[in-house]
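Shown next, in structure tokens, is the structure this report addresses.
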Number of protein chains: 6
Amino acid sequence: MVNGIVLPIKKVFGLVDAKISVEIKDEGRKLQGRLVAVDEYLNIHMEETTEFIDNQRGRSLGTVVIRGNNILTIAPVM
Amino acid sequence: MVNGIVLPIKKVFGLVDAKISVEIKDEGRKLQGRLVAVDEYLNIHMEETTEFIDNQRGRSLGTVVIRGNNILTIAPVM
Amino acid sequence: MVNGIVLPIKKVFGLVDAKISVEIKDEGRKLQGRLVAVDEYLNIHMEETTEFIDNQRGRSLGTVVIRGNNILTIAPVM
Amino acid sequence: MVNGIVLPIKKVFGLVDAKISVEIKDEGRKLQGRLVAVDEYLNIHMEETTEFIDNQRGRSLGTVVIRGNNILTIAPVM
Amino acid sequence: MVNGIVLPIKKVFGLVDAKISVEIKDEGRKLQGRLVAVDEYLNIHMEETTEFIDNQRGRSLGTVVIRGNNILTIAPVM
Amino acid sequence: MVNGIVLPIKKVFGLVDAKISVEIKDEGRKLQGRLVAVDEYLNIHMEETTEFIDNQRGRSLGTVVIRGNNILTIAPVM
């Protein structure tokens with residue numbers, strides 16, 4: 001059970017310095033950028049962030065900290 | 001009471017490596033895929049993920065980590 | 001105060017093996033079934049689950065685990 | 001600070017056995033009934049519950065357990 | 001870091017007995033009244049509460065306990 | 001892992017006394033002001049706060065405490 005507890009977060013820890021896509025709940029909105037830091041609540045510190053609304057590229061946001069509870073999904077960008 | 005505390009999560013722990021369907025709250029949306037890891041908050045690491053919107057098959061999403069608090073239900077796919 | 005802390009959950013613990021109705025927040029939707037397990041977060045493991053939308057019987061869902069924070073109310077079905 | 005931490009919940013603890021009105025977030029809906037038990041998360045066990053939608057009396061619900069995080073306000077009914 | 005952890009809540013602790021305005025998330029609604037007690041979750045016990053909807057004065061609500069997680073902002077009323 | 005746990009919050013701690021923009025979830029609304037204090041839950045105490053609705057400057061709000069769970073993003077204002 002100890003292994004099971006840490007694993008989904010470990011997957012995200014392994015994405016530090018990689019490009020990720022963070023989907024925001026209820027908004028049809030994604031933030032893509034380089035993952036700088038993540039904690040156990042899935043709070044995210046991202047740099048070089050770009051907004052996507054309904055899959056259309058939007059504004060460049062630069063440095064952003066995202067509150068974990070408002071994140072729906074996190075995925076690597078290939 | 002100790003047994004009662006761990007049981008609903010244990011049901012999900014037993015689904016690791018099986019195909020599951022995760023229903024997202026407020027969105028009429030489901031993500032189906034192979035459960036790779038789950039923790040005590042029901043954060044989910046899924047592979048070979050496919051999106052279903054109003055029960056219509058959507059995009060293939062590959063690797064996804066889902067934040068537990070935004071999950072409504074988790075069910076095995078028979 | 002110690003008694004006060006455990007009581008609302010104890011009421012639900014007493015419903016294990018009984019038929020319950022779980023109302024989902026913001027959705028006009030209920031899930032009815034047999035309560036198999038519940039934990040301190042009110043995460044629910046249910047079997048023989050049937051969906052009700054605006055009080056109309058819907059699909060049979062079988063085994064479902066429901067995330068506690070997205071539950072509005074839990075009530076016994078008489 | 002110790003006093004400050006317990007006080008809002010203590011106010012609700014003092015309403016056990018009294019008639020209360022629980023307002024649900026985002027729904028224009030209230031549940032009124034006799035408060036049987038409450039815990040530190042403001043999970044509520046209520047008996048003789050009646051639903052009010054936009055201040056119109058609705059169905060009688062009997063025994064209900066309400067998840068604390070989906071409660072907006074709790075108030076005594078005079 | 002220890003100071004940083006307690007400070008935003010300390011600001012609210014300093015408003016006990018003063019008139020405050022509590023903005024509810026997603027509702028265009030505010031509750032104004034005298035702050036009687038607050039805890040570490042920002043649960044609020046308020047007296048002499050008045051409702052404001054879209055900045056129009058509404059009903060007098062008297063004693064109200066507000067669940068912290070459904071509060072967007074707390075501000076002093078000058 | 002210890003470093004990973006504290007980092008996204010540390011980024012915000014480093015913005016104390018600087019001008020920040022706080023985006024509220026689900027509302028197309030931002031609050032800009034000087035960050036006075038922040039805690040581990042990302043609760044924010046802000047001064048000289050100005051509201052922006054759909055990127056239009058709105059009211060001056062002065063002193064505001066924002067509940068962390070209702071914050072979507074925090075970013076420095078250049």
Side-chain angles (χ1 to χ4, degrees), chain E residues 1-46 49-57 64-78, chain F residues 2-18 20-54 56 58-74:
Chain E
M1 189 163 154
V2 172
N3 285 341
I5 285 175
V6 295
L7 278 177
I9 287 174
K10 266 192 179 167
K11 177 69 194 173
V12 184
F13 276 44
L15 296 172
V16 169
D17 277 328
K19 194 173 175 184
I20 62 165
S21 179
V22 174
E23 190 179 359
I24 306 302
K25 199 178 143 276
D26 291 339
E27 302 211 353
R29 193 156 67 120
K30 284 181 187 140
L31 300 180
Q32 287 193 7
R34 187 169 56 83
L35 176 60
V36 175
V38 57
D39 64 17
E40 58 173 321
Y41 306 108
L42 293 180
N43 294 320
I44 295 279
H45 169 192
M46 231 168 163
T49 311
T50 305
E51 191 177 43
F52 287 78
I53 300 181
D54 298 325
N55 296 310
Q56 302 290 316
R57 185 186 208 91
V64 172
V65 174
I66 312 174
R67 211 348 174 117
N69 67 307
N70 294 319
I71 291 173
L72 182 54
T73 60
I74 300 170
V77 174
M78 258 70 65
Chain F
V2 172
N3 284 341
I5 286 174
V6 295
L7 278 177
I9 287 175
K10 266 192 179 167
K11 177 69 193 174
V12 183
F13 276 45
L15 296 172
V16 169
D17 277 328
I20 62 166
S21 179
V22 174
E23 190 179 359
I24 305 303
K25 201 180 141 274
D26 291 339
E27 302 211 353
R29 193 156 68 120
K30 284 180 186 140
L31 300 181
Q32 287 193 8
R34 187 169 55 84
L35 176 61
V36 175
V38 57
D39 64 18
E40 59 173 322
Y41 305 108
L42 293 180
N43 294 320
I44 296 278
H45 169 193
M46 232 168 161
E47 301 277 358
E48 302 139 38
T49 311
T50 306
E51 191 177 43
F52 286 78
I53 300 181
D54 297 325
Q56 302 291 316
R59 294 169 302 163
S60 292
L61 301 176
T63 300
V64 172
V65 174
I66 312 174
R67 222 320 185 132
N69 66 307
N70 294 320
I71 291 173
L72 182 53
T73 61
I74 300 169

Atom [atom1] in [X], atom [atom2] in [Y]: separation rounded to 0.5 Å?
X	Y	atom1	atom2	result
E:Lys25	F:Lys25	NZ	NZ	4.5 Å
F:Glu51	E:Thr73	CD	OG1	9.0 Å
E:Leu42	F:Ile66	CG	CD1	11.5 Å

Is any side-chain heavy atom of [X] less than 4.5 Å from a side-chain heavy atom of [Y]?
X	Y	answer
E:Glu23	F:Ile24	no
F:Val65	E:Leu15	no
E:Lys11	F:Thr63	yes

With a 4.5 angstrom heavy-atom cut-off, which part of [X] approaches chain E: side chain, backbone, both or neither?
X	result
F:Leu31	side chain
F:Leu61	neither
F:Asn43	both

- Message: For the backbone of E:Asn69 and the side chain of F:Asn70, can you confirm whether one donor and one acceptor N or O come within less than 3.5 Å of each other?
- Response: yes
